[in-house]
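Numbers restart at 1 for each chain; the letters A, B, ... are given by sequence-line order, proteins then strands.
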Amino acid sequence: MPKTLFDKVWDAHVVDAIENGPQVLYIDKHLIHEVTSPQAFNELEQRKIPVFRPNQIVATADHNTPTLNQHLPVKDELSRKQLKKLSENCKKNNITLYELGNQYNGIVHVMTPELGVTQPGMTIVCGDSHTSTHGAFGAIAFGIGTSQVAQVFASQCLLLTKPKSLRVTVNGKLKNGVLPKDVILYIIAKLGTNAGTGYFCEYAGDVFENMSMEGRMTICNMSIEMGARGGMIAPDQTTFDYVKGREFAPKGEKFEKKVAYWKTLPTDKAATFDQEYRFDATDIEPMVTYGTNPGMGIKVTENIPNLDDTSFEKSLKYMNFKKGESLIDKPINFVFIGSCTNSRIEDFRVAANYIKGKQKADNVTAWLVPGSKQVETQIEDEGLKAIFIEAGFELRQPGCSACLAMNDDKIPQGEYCVSTSNRNFEGRQGQGSRTILASPLIAAATAVEGKIVDITKRLN
Amino acid sequence: MAKFTTIQSTAIPLAIKNIDTDQIIPARFLKATDRKGFGDNVFRDWRYNKEGSENETFALNNTKYSGSILVAGDNFGCGSSREHAAWALSDYGFKVIVSSFFADIFKGNALNNGLLPVQVSAAFLNVLLTEVSEKPEIKLEVNLETQTILVQGMSFKESFEIDPYKKTCMINGYDDIDYLLSKKEIITAFEAKKTY
């Protein structure tokens, strides 16, 4: 029977099944961080259950870490305790931890692909909904709750009902200035925030085939914003080239054997999906969001729609926007380039390329937060740091930072932030903050102009 | 996990769509390392005004409304995977959340914590929201065994779906760890012969 990429990876990991119920799915890699793991460790300890496969767990500190002075003790007491708890738990259970200051520390969804932990055909989970990022490699990767973190600790398995299948195909050539972030914001704006609920999504078509691994990660990262537990892209030569030679990637003959297997994973031609959507790449333009969920997005040249709906109106009221208005020329005082969506080297290259020779507008506070120590080093090695500093941008140390504002990187009450992160929920970037999601290119241009501009007119 | 069979309670209406887990429990309250006390901050930024006073217009602060059932708008629990959202709702005293649609991860987290997500039709939800808003004293009855939800003393009633395995877990207070631990031999055998 013809199978999808998802079917192939899923079926290879089914250990057992409950009649008329969920299946027992084997998990290859379990990624953990300081915020969603402590209660799971507590539970195991209370029930006297050992961690079953500690060497399949990778830990990092990212959500609740400062992005300044990481060499000093963390100031906030609760944060410091939470980080200490992670270190203690990892030590006690023989789990590899890339803690603050480690050369490989960073946002979990940035540093594990960098290290080659993420590989095609794997099942990967983490107590973080953006685990869908790793689907870019043709892995089944999804976010889990803390009870499930405890289940994986205890058994390296999860009880799951196989989700339905969904395919989003985008063919054609992307316009100049349209980045992977615009593609995924466009898809979510078209389909809405719950179109993917109950599904696992495969992204197909030449737009994704021609995309770099970093671009593919940006796409899969935001699958959860349309409700899909995960997104996947078929592994190909781009994937194999990215994985090859990385710290934890298989080496030599083992690598070749893996590649031969990975090549069998793409969806069979005759396979069918429960739901299919198709889009034309030439219809996609640089995007911005205007509301309080990621589905409330428009082309930067479009006006806010006129909808008669109380939740929609509540959202516009929060954002202090009006129906039918354009976002172009809206003054913006905060810009954030970072998060597991857009904090990889290509994102900073795009930003630096635009910023070079220009100056940040005086009214703007612009935070650039690399996704990992390795990205931070690359920024310096490639000479991008000098460009950023010269233009008046603030380059911080790695972490989740203002994406969820658990640390001190908060956008003040009432302020707009053009942000490359993934969620524009009320207060997401700080109490009362107003988030406008966009690509690193739009974010960079906003920082330079001090307002939202029609980026399509600024290129070439 | 506490056992769940039936519940009769008044309900609190929250007619807002796409309530995300950042609203249920904002990220700044996720620094704790245990599961307790999150109820104090459930819907924090909707419950309290900027300066810390109670927002009286918010349903949870409206003395007319009380009970252990929350009736909420479509696509409840979208966003972050934080189980703290389920813990916060439970800790506040909710036993059931009724909506016309639940986000996947939230739904799983709720079920793993004995908090029952009851998915009803959009039409039924609309009726519930109106009835509960206008008549705060009416009681809803949720019966997990028969998988039905009804308004006491009124004629409308709907059945809801739940995975049969999860239903058994809720009724008996079992959790997935118990089950998975019983499968360790099979899991180890799987590891020995996995082909990928």
If I compare all heavy atoms of B:L180 with all of A:L159, which pair ends up nearest, and what's the gap? CD2-CG, 4.1 Å

Where do A:P22 and B:D163 come nearest, in terms of heavy atoms and distance? CD-OD1, 3.7 Å

So, B:W87 and A:Q39: side-chain donor and acceptor under 3.5 Å apart, yes or no? no

Highest number of heavy-atom pairs under 4.5 Å with chain B: which of A:N194, A:L78, A:L158? A:N194

Separation between CG (B:D176) and SG (A:C157), nearest 0.5 Å, reads 11.5 Å

Is it the side chain or the backbone of A:Q56 that comes within 4.5 Å of chain B heavy atoms, both, or neither? side chain

How close do B:S80 and A:S129 get, counting heavy atoms only, and between which atoms? CA-OG, 3.7 Å

For A:T36 and B:H84, run side chain to side chain contact (heavy atoms under 4.5 Å, CB included): C-alpha distance rounded to whole Å, both residues' side-chain angles, the deciding distance at 0.1 Å, then the answer. CA-CA 9 Å; A:T36 57; B:H84 310 67; 4.1 Å; yes

Taking atom NZ as the centre, does A:K84 end up with more than 12 heavy-atom neighbours from other residues, nucleotides or ligands that are less than 6.0 angstrom away? no

Before accepting this row, confirm whether a basic side-chain N of the pair A:K85/B:D34 lies closer than 4.0 Å to the acidic partner's carboxylate O. no

Taking every non-hydrogen pair under 4.5 Å, which of A:P163, A:S315, A:P294, A:G145 racks up the most with chain B? A:G145

So, A:D76 and B:R28, do they make that salt bridge, N to O below 4.0 Å? no

Indicate the atoms forming the closest heavy-atom contact of A:T197 with B:A103, along with that distance. CG2-CA, 4.2 Å

For B:F190 against A:V14, the heavy-atom pair lying closest together: CE1-O, 3.7 Å

Of A:T161, A:I144, A:N422, A:L160, the largest count of non-hydrogen pairs under 4.5 angstrom with chain B goes to A:I144

Is the number of heavy atoms from other residues, nucleotides or ligands within 6.0 Å of NZ (A:K162) greater than 12? yes

Pick from A:Q148, A:K257, A:R53: which one has the most heavy-atom pairs with chain B under 4.5 Å? A:R53

Do A:T193 and B:N18 touch side chain to side chain, with heavy atoms closer than 4.5 Å? yes

Residues B:N112 and A:Q151: closest non-hydrogen pair is ND2-NE2, 3.9 Å

What distance separates A:E43 CD from B:R35 CZ, expressed to the nearest 0.5 Å? 5.0 Å

Does some side-chain heavy atom of B:I16 sit less than 4.5 Å from a side-chain heavy atom of A:K314? yes

Measure A:D28 against the heavy atoms of chain B and call it side chain, backbone, both or neither at under 4.5 Å. side chain

Check each atom of A:L86 against the heavy atoms of chain B and say whether the ones under 4.5 Å are side chain, backbone, both or neither. neither

Flag side-chain contact, heavy atom, 4.5 Å: B:Q23 against A:R428: no

Contacting region of A:H130 [heavy-atom separation from chain B under 4.5 Å]: neither

More than 12 foreign heavy atoms under 6.0 Å from OH of B:Y174: is that the case here? no

Check the surroundings of atom NZ in B:K194: do more than 12 heavy atoms from other residues, nucleotides or ligands lie under 6.0 Å from it? yes

Using heavy-atom distances under 4.5 Å, tell me whether A:N293 contacts chain B through its side chain, its backbone, both, or neither. side chain

Which answer fits B:F106, side chain, backbone, both or neither, if we ask what part of it has an atom under 4.5 Å from a heavy atom of chain A? neither

Spacing of A:E426 atom CD and B:D45 atom CG [to the nearest 0.5 Å]: 8.5 Å

Given a strict heavy-atom distance threshold of 4.5 Å, which part of B:K50 is in contact with chain A: side chain, backbone, both, or neither? side chain

Less than 4.0 angstrom from a charged side-chain N to a carboxylate O is my criterion; do A:R423 and B:D20 meet it? no

State the CD1-OG distance between B:I177 and A:S147, to the nearest 0.5 angstrom. 7.5 Å

If I measure from the heavy atoms of chain B, does A:L404 come under 4.5 Å with its side chain, its backbone, both, or neither? both

Measure distances from A:V24 to the heavy atoms of chain B and classify the residue's part below 4.5 Å as side chain, backbone, both or neither. side chain

Do the side chains of A:R229 and B:D104 get close enough for a salt bridge, i.e. N-O under 4.0 angstrom? no

Which portion of A:E34 sits near chain B, non-hydrogen atoms under 4.5 angstrom: neither

For B:E137, does the CD atom sit with more than 12 other heavy atoms under 6.0 Å from it, leaving out its own atoms? yes

Count the heavy-atom pairs under 4.5 Å between each of A:E19, A:H13, A:K410 and chain B, then report the option with the highest count. A:H13

Verify salt bridge (charged side-chain N to carboxylate O under 4.0 Å, His left out) between B:K17 and A:D309, making sure each step is shown before the conclusion. CA-CA 10 Å; B:K17 289 181 201 164; A:D309 176 279; 2.5 Å; yes

Select, from A:S311, A:S37, A:G295, A:G127, the one with the greatest count of heavy-atom pairs under 4.5 Å involving chain B. A:S311

If you round to the nearest 0.5 Å, how far is OG1 of B:T33 from CZ of A:F41? 12.5 Å

Report yes if some heavy atom in the side chain of A:I18 is under 4.5 Å from a heavy atom in the side chain of B:Y179; otherwise report no. yes

Is A:F425 in contact with chain B via its backbone, its side chain, both, or neither, using a 4.5 Å heavy-atom distance? both

Quick check for you: to the nearest 0.5 Å, what is the distance between B:K31 atom NZ and A:H63 atom NE2? 13.0 Å

Just wondering, more than 12 heavy atoms not from A:D408 lying within 6.0 Å of its CG? no

Decide yes or no for A:V149 and B:E83: does some side-chain heavy atom of the first lie under 4.5 Å from some side-chain heavy atom of the second? no

Just wondering, do A:N64 and B:L30 contact through their side chains at under 4.5 Å, heavy atoms? no

Using a cut-off of 6.0 Å, state whether more than 12 heavy atoms not belonging to B:K95 lie near its atom NZ. no

